[in-house]
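Let me begin by presenting the structure, written as structure tokens, before commenting on it.
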Number of protein chains: 2
Amino acid sequence: MKLSDRKKKILQYVVDDYINSAQPVSSKSITEKYMPDISSATVRSELAGLEELGYLNQPHSSAGRVPSIEAYKLYVTELMDKGKLTSKELNFIKEAFRDRADNLETVVQNTVKVISELTDLTSVAVTSHSDKEKILKIDIFKYKPTKALLLVVTESTLIRDKFIDIPENMSDEQLLDAGRMISNLFVGKTFNEIVNLESAITEEFSAYKEIFERVMTAIEEYFEKDNVKVVVDGEGKILNHTEYNNDGEKVKNFLSVVTSKDRICELLNQEEQGIEINIKIGGDDKKDLPEDCSMVTATYSAGGVRLGSYGVIGPLRMDYQKVVSVLEGVGKILEDILNENK
Amino acid sequence: MKLSDRKKKILQYVVDDYINSAQPVSSKSITEKYMPDISSATVRSELAGLEELGYLNQPHSSAGRVPSIEAYKLYVTELMDKGKLTSKELNFIKEAFRDRADNLETVVQNTVKVISELTDLTSVAVTSHSDKEKILKIDIFKYKPTKALLLVVTESTLIRDKFIDIPENMSDEQLLDAGRMISNLFVGKTFNEIVNLESAITEEFSAYKEIFERVMTAIEEYFEKDNVKVVVDGEGKILNHTEYNNDGEKVKNFLSVVTSKDRICELLNQEEQGIEINIKIGGDDKKDLPEDCSMVTATYSAGGVRLGSYGVIGPLRMDYQKVVSVLEGVGKILEDILNENK
DNA sequence: ATTTAGCACTCAAACCTTGCGAGTGCTAAC
DNA sequence: GTTAGCACTCGCAAGGTTTGAGTGCTAAAT
């Protein structure tokens, strides 16, 4: 059986309707609302067809139809009308970003907050710092008799600090001197370049070999695990959605994901680059997404460089139209801000 | 009517029992479990007395008794037996703190995690940086043509960064020079001292008045709003407790509190100093605590200086005995670590 | 070949009714 | 002051009934 245009149309109606009523959709309601010129019996046979194709399910034999995961996928990629933000919503977004904060983190916090408010969903974002960023400043200074603090600042004002043990036989002057040398060597370079330097350079630093290695280790550690910031807002929004209302287990599961930075990171970092809006629907393909959840994400970038991703996580039955338009709307403003700050 | 010893004993049994059964407690079960030498009828009349005194409630006329808020308060302050951690629990705590992290934040993250796991409750902590901390390092450097980055490091390795507009007519050398002067002036002083300096010093800086004031403003801002870190773990743990299982509204309310740094801060900062373990029971006296919630907190300090508070938030019906012993157990280890790090 | 009206069938949800049992309060005796 | 005994209350679970929305099928109409 093929997906005729009429079937597609009807499928769209079913999903539309189900998204905002949360009730199985009946043949009658479709004819009444959308197709007054054909009869419910006709729609009924079309629905039976769509069910056979795997796009619809029946909770029980005398109920209306409910979209399957397949249906959602098709809906989002092909069927769905493109939404538009109301001027009220647009103003809300603009208002939220009015006092331009100067650090990325505040901007991202604003972003997730706005998205969560407008979509009534949990909103998440990660900022990933590219290893192509240059180091602006690197500084080592004595903090306690045996410990020094290493401070690294990068272009996107990522700031990192870490304690380093001062080698036993090192004097204060030597520490200062080593700090100067390391600074001279590292400032202006990217993390990538530094890691490659390592082997070639150690000669030169023979006197400060020990401290140099500790700095390298610290910098490498930033890369391995500490390279992202995660921001979440509206964790509890899931409870505004009926399918989660009486299912403690589901909520627990959902919360355990959105309150874990690691899990969120994992989810958002699968993001392929360059794709504007990306939709993942939980259950089958994505094991790490909570059950019956879907995630819509976008990336933000400045000057062509991807800085991170943001998006929403919520029930399968979410208002994709609205979500997509909100993400796009926020995205535009975000890029403006980021490019301006560059 | 007075609270006879027997009434107290019975009240304790009721609360004990209710805490781990979540069911109204009957006269019969009390005699059977705890007082086999008197009859249920006797207990019944005592229960009636306790009800009249406001310590017990009856969900309906033919049900057992349930503790009132007053009863919980009395229970916690007077009635409750002192709990002891099992060696298993103690080991769990020690294990969690084994690899001593060197920064406060990691330690606090560990703390809330351990507490949340052991108590099965949401655990929160705030670290407040005292304004008596000395500044270890202050640095201003050019970041973009019109912007400089201000970096402040304090004793407890609080690190703060903020963008500052560079005054229009300022050269790079002047900026460096101003940075040096400000560093000379500020390093080794506490925030408090600096704020007081302000008026007296500006003369000297006439050339750099503008940048100096911007630095001052930035530092003051840290104090007004940015002075605490909040850490939370086990946000979803509330769902493990039956009273919240089928009440979406309650859960929503609860989550909106524990996911808001501001709200948590407010709650934990009401903490009076010097009090070891502190119990707040929601509903009547504390409006800002979610409904039917109570909060048990402790403070942690190093060298006699209070660094912050930590504790749990959960349903009224929580295992206070265990919570208190966990908080105390963690507290001891925490103080060891902090003092050692000093 | 589609479309439609008509009708029998299905099934969840809402609503009653009923019986059970846990727990109480009261009273009268100890 | 304590206890046994008993009548009473009330939530809860189980079972039964009704209702109505929605379907699938069939036979006639286009």
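First the proteins, then the strands, lettered A, B, ... as listed; each starts at 1.
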Can you spot which of Lys9(A), Arg6(A), Arg65(A) makes a salt bridge (Lys or Arg N to Asp or Glu O under 4.0 Å) with Glu46(A)?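 Single salt bridge (Lys or Arg N to Asp or Glu O under 4.0 Å) partner of Glu46(A) among Lys9(A), Arg6(A), Arg65(A): Arg6(A).
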Go through Ile115(B) and Tyr310(B) one step at a time and tell me if the side-chain contact (heavy atoms from CB on, under 4.5 Å) criterion holds. CA-CA 9 Å; Ile115(B) 294 175; Tyr310(B) 62 97; 3.4 Å; yes
Say whether Asp16(A) and Tyr34(A), considering side chains only, have a donor N or O and an acceptor N or O under 3.5 Å apart.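 Judged by distance alone, the side chains do not pair up.
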Any base atoms under 4.0 Å from Ser27(B), or only sugar-phosphate, or nothing? Heavy atoms, all strands.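 Sugar-phosphate: the residue Ser27(B), judged by heavy atoms under 4.0 Å, touches backbone atoms but no base.
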Ser45(B) near the nucleic acid: base, sugar-phosphate alone, or nothing, with a heavy-atom cut-off under 4.0 Å?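 No contact.
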Out of [options], whichever nucleotide has its closest atom nearest the side chain of [X]:
X: Ile38(B); options: dG24(D), dG25(C), dT3(D); value: dT3(D)
X: His60(B); options: dG25(C), dG11(D), dA12(C); value: dG11(D)
X: Arg44(A); options: dT4(C), dT3(D), dG24(D); value: dG24(D)
X: Ser62(A); options: dT23(D), dT10(C), dA4(D); value: dT10(C)
X: Arg6(B); options: dT2(D), dT24(C), dT23(D); value: dT2(D)

I would like to know whether Glu89(B) and Lys322(B) meet salt bridge (Lys or Arg N to Asp or Glu O under 4.0 Å); could you show each step before the answer? CA-CA 11 Å; Glu89(B) 290 166 332; Lys322(B) 181 162 192 180; 3.1 Å; yes
Spacing between [X] atom [atom1] and [N] atom [atom2], to the nearest angstrom:
X: Asn57(B); N: dG23(C); atom1: CG; atom2: P; answer: 17 Å
X: Lys28(B); N: dG25(C); atom1: NZ; atom2: C1'; answer: 17 Å
X: Gln58(B); N: dG11(D); atom1: CD; atom2: P; answer: 11 Å
X: Leu50(B); N: dT24(C); atom1: CG; atom2: C1'; answer: 15 Å
X: Glu51(B); N: dC26(C); atom1: CD; atom2: P; answer: 11 Å
X: Glu46(A); N: dT2(C); atom1: CD; atom2: P; answer: 10 Å
X: Leu47(B); N: dT2(D); atom1: CG; atom2: P; answer: 13 Å

5' precedence on DNA chain D between Ser61(B) and Asp37(B) (nearest-nucleotide basis):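 It is Asp37(B), whose closest nucleotide lies nearer the 5' terminus.
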So does Arg65(B) get a side-chain nitrogen or oxygen closer than 4.0 Å to the phosphate oxygens (OP1/OP2) of dT24(C)?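 Yes, because at least one side-chain N or O of Arg65(B) sits under 4.0 Å from OP1 or OP2 of dT24(C).
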Whether Ser39(B) contacts dT2(D) is assessed here as follows: a side-chain N or O lying under 4.0 Å from the phosphate OP1 or OP2. Is that the case?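 False: Ser39(B) side-chain N/O out of range (4.0 Å or more) of dT2(D) OP1/OP2.
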Any side-chain heavy atom of Leu3(A) within less than 4.5 Å of one from Leu74(A)?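 When only atoms from C-beta onward are counted, Leu74(A) and Leu3(A) do touch, with a gap below 4.5 Å.
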Contact residues, residues 9-18 of chain B to DNA chain D [heavy atom, < 4.0 Å]: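 By residue number: none to list.
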Where do Tyr320(A) and Val296(A) land on the side-chain contact (heavy atoms from CB on, under 4.5 Å) test, with the steps shown first? CA-CA 8 Å; Tyr320(A) 293 96; Val296(A) 186; 4.0 Å; yes
So, Arg263(B) and Glu266(B), do they make that salt bridge, N to O below 4.0 Å?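 Result for this pair is no, no salt bridge flagged.
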